[in-house]
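Working notes for the structure below.
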Amino acid sequence: MDAVRENPLVQVAAPAAMLLVALLWSVLVLFSLWTQRDQLNRTAQQLARIDAIANLKKDMAIRKWASQVGGVFIDEDKAPNIDTLSDQMRLRAETVTGDPFKMIALTPIHILLGIQEVSNKEYGSKERLTSLQLRNRENAPDEWETQALKTLEAGSAMVAEAMPRSGGHGLMRVMIPMRMEEECLECHRETLVPVGGLRGAAAISVDLNTYWSAQEPTWRTIQYWHFGIWFAGLSTLYAYWSLLRRRAVEHLRQDQQRRENAAAFSAMAEGAIITDAQGDILWVNAAFCRIYGYAAEEVIGKNPRIFKSGRHDDDFYRLLWNGLTQLGHWRGEVWNRRKNGEIFPEEISIQALRGPDGATVRYISIFSDITERKNSEEALRQQQQRLEVSEARLRELAAFLQTVREEERTRIARELHDELGQALTALRFDLGWLRGKCGALGAPAADHVASALGVVEQSIVALRRISEDLRPAMLDSLGLAAAIEHHAAQFSQRTGTPCHLSMNREEFDLESNLATTIFRVVQEALTNVARHAAASEVSVQIDETADGIRLDVWDNGHGFASDSNKKTFGLLGMRERITMLGGSLEIDSPPGEGTHISAWLPYREATPT
């Protein structure tokens, strides 16, 4: 409701406003129609007045002519009102044929009365003579004529007035004066009216209905025109009102949307700033005030340069404005300064609003205080650094332990080979000699010696196998290729599973740790095949490149699920060995489709111990 009261367009577009305008338009059309009717009435009255004056002046002209010629003789038998002509001159005359007839002289006044009588009968007008000095009661003036005579006596040349009458448009009454003239003194000397004085007047009454009837077609045309104009005006007003109403509804919707947007901007946790095209602040929300510590009135009208922290150079702001002017938006992190001087980071997104002509009219900035995120990132970075240091130390420890283990295994293997191997060999020789000397002791003694000799032989074989598992002497003496060939052959011999070995070198000149790692990976892979894969065939391929060694081991066993929760320390050990040398290990083992182990070991020094 507040939006409706504050929006003048909505008030103008209200139905009550339309009804009021329609009423005013109708009143205006009716007023125009009334003025036209009044104008027609005045025109009819004016025409009647002109005709009445013309008639009276015509009669006065005939009277004057008759007065100038001294009267007119007419046939006495045709003269009206014979009794009033008793004093007039009479003549006897004959026609051309000799028939006698009488003639009587008519004075100007009698001629005028005769003309008025004919006019009253034939044309509907009412003409009469009247005077304030009565010689004939029939000429006594009525109330209007009395007043008119007084007006003429006061010096007026004419009196004309439209007189209303019930049941019609009224009468137009006109009176002109009759002045005493020289030729009138002979008959009217007893009135004592001097020459030039008012001795009477000629009056005429004209019915205005005749003139108004002549205006009826014009009046109907005016009515039709006014009705058409009224209807067209109402249609135009309604169309314009409908347009205004649609615009008012649209303005109201936009105003409501602006209010909702403003409420949303004000309520959101992110800060918001709206600036003009020059960058001066027009509006900020509550979150801005909370983040920066300023009141809204402290920053409105100012430029955001007051928030600069000094941590960004001119090139940074130049790139920012280039992005805004060219792309219309910019997003990034900025370090600004609060009111209390504290410098803090914010993630900000700036959008340029353009007008219909493409020119920028507003900038809207939405930002978040990312101080906590930066602190968390810094803590995470430090934790990551500590973790990396810990992992490096763990890897160093693992490499050291691995080296120590390899050295210990080498020492144990050497001692087993040198000490225990030599002792078992000497024991085997002694038992062989003893078997040749115990023939005299009988068959039981020979069997016991033979059995002991067999145990010694088996111990020597087991000792050789254990020694090779701990550290194959062939790896140190003959090299990697020979050691792997021997191990593959031993695998096939023990398990009965063919092992196809392919190497692009007859011998590899590798650093000790690298060669040991490759051998141990092959050893662990073949051990897993023997224990878990149930494979019928195994392939091992070792290729030396300019950058390092590529190792691939395939089997056609049943594979295993890569997401299995089973702890596979063998695979873990393989991965750790390769990682310590800066290499990578990939294992592809779809269930039922075998396993493919691919390792890449670059030429580099192992982690120092």
Parallel, tilted or perpendicular, as decided by the 30° and 60° cut-offs, for the rings of Phe227 and Trp230: tilted

Contact check, side chains of Leu47 and Trp212, non-hydrogen atoms, under 4.5 Å: no

His329 side chain vs Ser349 backbone, donor-acceptor pair below 3.5 Å: no

Intermediate values then yes/no, salt bridge (Lys or Arg N to Asp or Glu O under 4.0 Å), Glu377 and Arg381: CA-CA 6 Å; Glu377 290 177 355; Arg381 186 187 63 81; over 6 Å; no

Side chain Ser32, main chain Leu28, donor-acceptor under 3.5 Å: no

Distance-only donor-acceptor check, side chains Glu143 and Gln147, under 3.5 Å: no

Heavy-atom check, side chain of Glu378 versus side chain of Lys374, under 4.5 Å: no

Within 6.0 angstrom of Trp225 CH2, more than 12 heavy atoms from elsewhere: no

Using a 3.5 Å cut-off and no angle test, enumerate the donor-acceptor pairs between side-chain atoms of residues 50-60 and protein atoms at least two apart in sequence or in another chain.
residue, atom, partner, partner atom, Å
Asp51, OD2, Tyr211, OH, 2.5
Asn55, ND2, Asp51, O, 3.4

Crowding at CZ, Arg253 (>12 non-hydrogen neighbours, <6.0 Å): yes

From CG (Leu171) to CG (Asp207), nearest 0.5 Å: 6.0 Å

Shortest non-hydrogen contact between Thr360 and Ala352, atoms and distance: CG2-CB, 4.1 Å

Distance (rounded to the nearest 0.5 Å) between Ile274 CD1 and Ile300 CD1: 10.5 Å

Intermediate values then yes/no, side-chain contact (heavy atoms from CB on, under 4.5 Å), Phe344 and Ile291: CA-CA 10 Å; Phe344 73 101; Ile291 294 173; 3.9 Å; yes

Pairwise distance CD(Glu388) to CD(Gln383) - rounded to 0.5 angstrom: 11.0 Å

Trace of the side-chain contact (heavy atoms from CB on, under 4.5 Å) decision for Leu237 with Trp25: CA-CA 9 Å; Leu237 288 174; Trp25 171 247; 3.8 Å; yes

Donor-acceptor contact present, side-chain Glu342 to main-chain Arg337, <3.5 Å: no

His251 backbone acceptor or donor facing Asp255 side chain under 3.5 Å: no

Nearest heavy atoms of Leu152 and Ser156, plus distance in Å: CD2-O, 3.3 Å

Trace of the side-chain contact (heavy atoms from CB on, under 4.5 Å) decision for Gln39 with Gln215: CA-CA 11 Å; Gln39 182 63 35; Gln215 301 280 7; over 6 Å; no

Reported CD-to-OG distance for the pair Glu270 and Ser368, which is rounded to 0.5 angstrom: 4.0 Å

Glu145 side-chain N/O to Asp142 backbone N/O, donor-acceptor pair under 3.5 Å: yes

Donor-acceptor contact present, side-chain Arg128 to main-chain Ala140, <3.5 Å: yes

Within-4.5 Å side-chain heavy-atom neighbours: Arg331 and Glu347: yes

OH/Tyr238: more than 12 non-hydrogen atoms of other groups inside 6.0 Å: no

Atom pair OG1/CE of Thr151 and Met175 - distance to nearest 0.5 Å: 9.0 Å

Summary of side chain to side chain donor-acceptor pair (under 3.5 Å) pairs that have at least one residue in residues 287-298, sequence neighbours excluded: Tyr292-Asn336, Tyr292-Glu346, Glu298-Lys339

Side chain proximity check, Ile350 to Leu320, heavy atoms < 4.5 angstrom: yes

Closest contact, heavy atoms only, Gln351 versus Gly328: NE2-O, 3.2 Å

N/O donor-acceptor pair under 3.5 Å between Asp369 side chain and Gly271 backbone: no

Minimum-distance pair of heavy atoms, taken over all atoms of Ala296 and Cys289: N-SG, 3.7 Å

Atom CG of Asp314 with >12 non-hydrogen neighbours under 6.0 angstrom: no

Minimal non-hydrogen separation, His312 against Glu333, with atom names: CE1-O, 4.3 Å

Shortest non-hydrogen contact from Leu208 toward Ala48: CD2-CB, 3.4 Å

Close side-chain approach of Thr371 and Pro345, heavy atoms under 4.5 Å: yes

Close aromatic pair by centroid cut-off 6.0 Å: Phe288 and Phe307: yes

Min side-chain heavy-atom separation Leu33-Arg37 under 4.5 Å: no

Greater than 12 external heavy atoms within 6.0 Å of Tyr317's OH: yes

Stepwise ring pair (Phe, Tyr, Trp, His ring centres under 6.0 Å) test for Trp330 and Tyr363: CA-CA 11 Å; Trp330 185 86; Tyr363 291 106; over 10 Å; no

From OG (Ser390) to CD (Gln385), nearest 0.5 Å: 11.5 Å

Audit row: Asp280, Thr275, side-chain contact (heavy atoms from CB on, under 4.5 Å) steps and yes/no: CA-CA 5 Å; Asp280 295 332; Thr275 67; 5.9 Å; no

